[in-house]
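In this chain, residues are counted from 1 in sequence order. Start at 1 and go down the list; that is how both ligands and their atoms are numbered.
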Amino acid sequence: MTCYLKENYDVIICGAGPAGLYAANCLQKASAGKLSVLLVDKKSPWKEPVACAEAVSRKIFSRYWTPKEEWIRQHLNGVYFTAPDMTRVEYFQKDCGLILNRAAFHHEMADKAAELGVECHFENRVSALAPAENGLWAVTVCSGETESVLKTKVVIDATGPGAKISRRVPGLDALETGDFDQESAIFAIAKGVPHSTRHIELLFGQRFFEGGYGWVFPRDGETVNVGLVGGRDFLKTHPPRATLEKFIQEAYPDAKILAFHGGAIPCGQSEHPIAANGVFKAGDSASTVNPISRSGIVEAMKSGKIAAECALEWLSATSEEERREIEKSAYDRWMKIQGKTHLNYSRGKSGFARISDAQFNKAAHRLASIPVEKRSIFRIFWAVLASSPSILWKLKSFFI
Ligand SMILES: Cc1cc2nc3c(=O)[nH]c(=O)nc-3n(C[C@H](O)[C@H](O)[C@H](O)COP(=O)(O)OP(=O)(O)OC[C@H]3O[C@@H](n4cnc5c(N)ncnc54)[C@H](O)[C@@H]3O)c2cc1C
């Protein structure tokens, strides 16, 4: 049974993934520990497996959290783009990315939050959120068989895809539901897959990856994370698990699959508000994933920071009008730093899904003829367009 330190909090953060953990750290740092902040999650954030391929851009991630060797699985020097005919094109950029051990990274973030004064309770599930008296929120939290109702001024909903806790709640009906353009991603941890420990590999082609892509990401030098995410429209023709199994059997006949994992990814930028009446949403629960790359770790941290900043301002606001303005600004702040780009990607996504295998192959052959040291992202982009000008038409929403 959990003993909470208080019955009334300034902020309750629901969900301790990257969004909630980062929000907790930002909030307590910015308020110099003066706020009462409770962080709850239905599981311990360091519990394995974390359903994720765990790749981040080193540069962007480092702006938010200092990477530590203890929780870095691999340092990356590039990407292999693999066409449907298995032509592999290398893009080299030293130290461009990291494969994290997310469980260990979450552990460090949670420890840091606790050190800063955040009250953390894991294995505690939020079962209900409801408006309470005096403009407070009542958050029902279950620990084993015990149910506690805690009150708070502000809620940060960082409960990930689907954001079930803030659905169908009076006063929150207009909010983003965290399932915008939701897709299924699946991966296997496997041995016996030839790979580079310094590169991630992204695979394209309609047979296995229609509307999405496949990946092979290194882990410990021996095992890989091999998976796929497909467009929502292709779920029936490409059931994720069967498609992945078939791909692995064909591409890596010597592979030994150790485990399968998967999860949902909300991959579109919605135009719904992400805050109302003192509830702020962050990360997947606010649909902040990059619609094309489907990366969401750093995005979750960025939006966790926005939620924390808004919560702080909201708590010191002196009028209802000011509070409504702060809530409205949460979406604008997200749009400014990331959402606008995501909106364009989201609109261009269907065009990306219509690029044919022949077009991918042609682009890969052209790229393969450029020496690796001359393959900048800019050059790759133009080589792809030049090999198939109709791609430009399919991707027009990226530009206009
Ligand atoms: C297969 C797969 C591969 C991916 N690969 C990558 C990748 O390589 N790189 C990348 O950047 N992104 C990747 N992503 C996306 C990334 O994992 C997410 O975008 C990211 O985890 C979002 O963080 P979050 O904090 O918003 O949500 P989450 O990480 O989902 O955290 C939400 C937390 O809320 C908790 N929770 C949920 N409901 C409740 C409740 N009722 N009460 C209490 N707690 C609750 C959950 O237990 C969870 O800990 C991948 C996703 C999938 C599914």
A.B. asks: Judged by atom type as modelled, is there a donor-acceptor pair below 3.5 Å linking the side chain of K281 to the main-chain atoms of E176?
C.D. replies: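 Side chain of K281 to backbone of E176: a pair is present.
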A.B. asks: Mind telling me whether F217 and W215 have parallel, tilted or perpendicular rings, with 30° and 60° as the class edges?
C.D. replies: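 The arrangement is tilted - the two ring planes meet at 30° to 60°.
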A.B. asks: Any idea which part of M301 is under 4.0 Å from ligand 1, heavy-atom wise: side chain, backbone, both or neither?
C.D. replies: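 For M301, no heavy atom sits under 4.0 Å from ligand 1.
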A.B. asks: Only heavy atoms count here, so choose which of P161, A19, A51 is nearest to atom 52 (C) of ligand 1.
C.D. replies: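 Result: the heavy atom closest to atom 52 (C) of ligand 1 is in A51.
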A.B. asks: So is I297 polar-close to ligand 1, meaning N/O to N/O under 3.5 Å?
C.D. replies: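 Min N/O separation from ligand 1 is below 3.5 Å for I297.
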A.B. asks: Is I265 touching ligand 1 with its side chain, its backbone, both, or neither, if touching means heavy atoms under 4.0 Å apart?
C.D. replies: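 It is the side chain that gets close, since no backbone atom is under 4.0 Å.
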A.B. asks: Cation over ring, R241 on F260, under 6.0 Å and within 45°?
C.D. replies: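 Judged by the rule (NZ or CZ under 6.0 Å from the ring centre, within 45° of its axis), R241 counts as positioned above F260.
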A.B. asks: Could you pull out, from R102, E123, H106, the option with a heavy atom nearest to atom 20 (C) of ligand 1?
C.D. replies: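 Among R102, E123, H106, the closest heavy atom to atom 20 (C) of ligand 1 comes from R102.
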A.B. asks: Can a donor-acceptor pair be found between the side chains of T87 and H365 at a distance below 3.5 Å?
C.D. replies: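 Present: a donor and an acceptor within the cut-off.
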A.B. asks: Please could you name the atoms of ligand 1 that G160 approaches to less than 4.0 Å, counting only its heavy atoms?
C.D. replies: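 Matching atoms, with element in brackets: 27 (O), 30 (O), 32 (C).
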A.B. asks: Would you mind telling me if ligand 1 is within reach of the side chain of P18, the backbone, both or neither, using heavy atoms under 4.0 Å?
C.D. replies: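 Looking at P18 and ligand 1, atoms from backbone and side chain both fall under 4.0 Å.
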A.B. asks: Please check if the side chain of N361 supplies one atom and the backbone of D85 the other of a donor-acceptor pair under 3.5 Å.
C.D. replies: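 Yes, because the side chain of N361 sits within donor-acceptor range (under 3.5 Å) of the backbone of D85.
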A.B. asks: Would you mind running through ligand 1 and noting each atom that sits below 4.0 Å from a heavy atom of S295?
C.D. replies: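 Result: 10 (C), 11 (O), 12 (N).
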A.B. asks: Using a cut-off of 6.0 Å, state whether more than 12 heavy atoms not belonging to K43 lie near its atom NZ.
C.D. replies: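 Above 12, so yes.
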A.B. asks: Have a look at ligand 1 and work out which part of H261, if any, has a heavy atom under 4.0 Å from it: side chain, backbone, both or neither.
C.D. replies: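 Neither; nothing of H261 gets under 4.0 Å from ligand 1.
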A.B. asks: Give the single entry among G178, A163, A53 that approaches atom 3 (C) of ligand 1 most closely by any heavy atom.
C.D. replies: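 Ranked by closest heavy atom to atom 3 (C) of ligand 1, first place is A53.
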A.B. asks: With atoms numbered from 1 as shown, which atoms in ligand 1 lie under 4.0 angstrom from a non-hydrogen atom of K43?
C.D. replies: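 Ligand 1 atoms under the 4.0 Å threshold to K43: 47 (O), 49 (O).
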A.B. asks: Would you say L21 ends up clustered with V37 if hydrophobic residues are merged whenever their side chains have heavy atoms under 4.5 Å apart, either directly or through other cluster members?
C.D. replies: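 Yes, V37 and L21 fall within the same hydrophobic cluster.
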A.B. asks: Name the orientation class of the two ring planes belonging to F105 and F61 (parallel below 30°, tilted from 30 to 60°, perpendicular beyond 60°).
C.D. replies: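 It falls in the perpendicular class, over 60°.
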A.B. asks: Check ligand 1 against G283 and write out every atom of the ligand that is under 4.0 Å from a heavy-atom position of the residue.
C.D. replies: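 Listed by number with element, the hits are 26 (O).
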A.B. asks: Quick one: nearest non-hydrogen protein atom to atom 49 (O) of ligand 1, plus distance?
C.D. replies: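 Looking at atom 49 (O) of ligand 1, the protein heavy atom closest to it is D41 OD2, 2.6 Å.
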A.B. asks: Measure N124 to ligand 1 on non-hydrogen atoms and call it side chain, backbone, both or neither using the 4.0 Å cut-off.
C.D. replies: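 Near ligand 1, N124 shows its backbone, while the atoms from C-beta on stay back.
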A.B. asks: Quick check: does any side chain N or O of S316 sit under 3.5 Å from a backbone N or O of L312, one acting as donor and the other as acceptor?
C.D. replies: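 Flag set: sc S316 to bb L312 pair under 3.5 Å.
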A.B. asks: Test of understanding: given a 4.0 Å heavy-atom threshold, classify the contact between V289 and ligand 1 as side chain, backbone, both, or neither.
C.D. replies: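 Only the side chain of V289 comes within reach of ligand 1.
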A.B. asks: Among Y213, F208, F187, exactly one meets ring pair (Phe, Tyr, Trp, His ring centres under 6.0 Å) together with F247. Which residue is that?
C.D. replies: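 Result for ring pair (Phe, Tyr, Trp, His ring centres under 6.0 Å) with F247: F208.
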A.B. asks: Can you find a non-hydrogen atom of A158 under 4.0 Å from ligand 1?
C.D. replies: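 Judged by the 4.0 Å heavy-atom criterion, A158 does count as contacting ligand 1.
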A.B. asks: Going by the closest heavy atom to atom 22 (C) of ligand 1, which one wins out of D284, L129, V229?
C.D. replies: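 Result: the heavy atom closest to atom 22 (C) of ligand 1 is in D284.
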A.B. asks: For G230, is there any backbone N or O sitting under 3.5 Å from a side-chain donor or acceptor partner on E210?
C.D. replies: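 No; zero donor-acceptor contacts below 3.5 Å.
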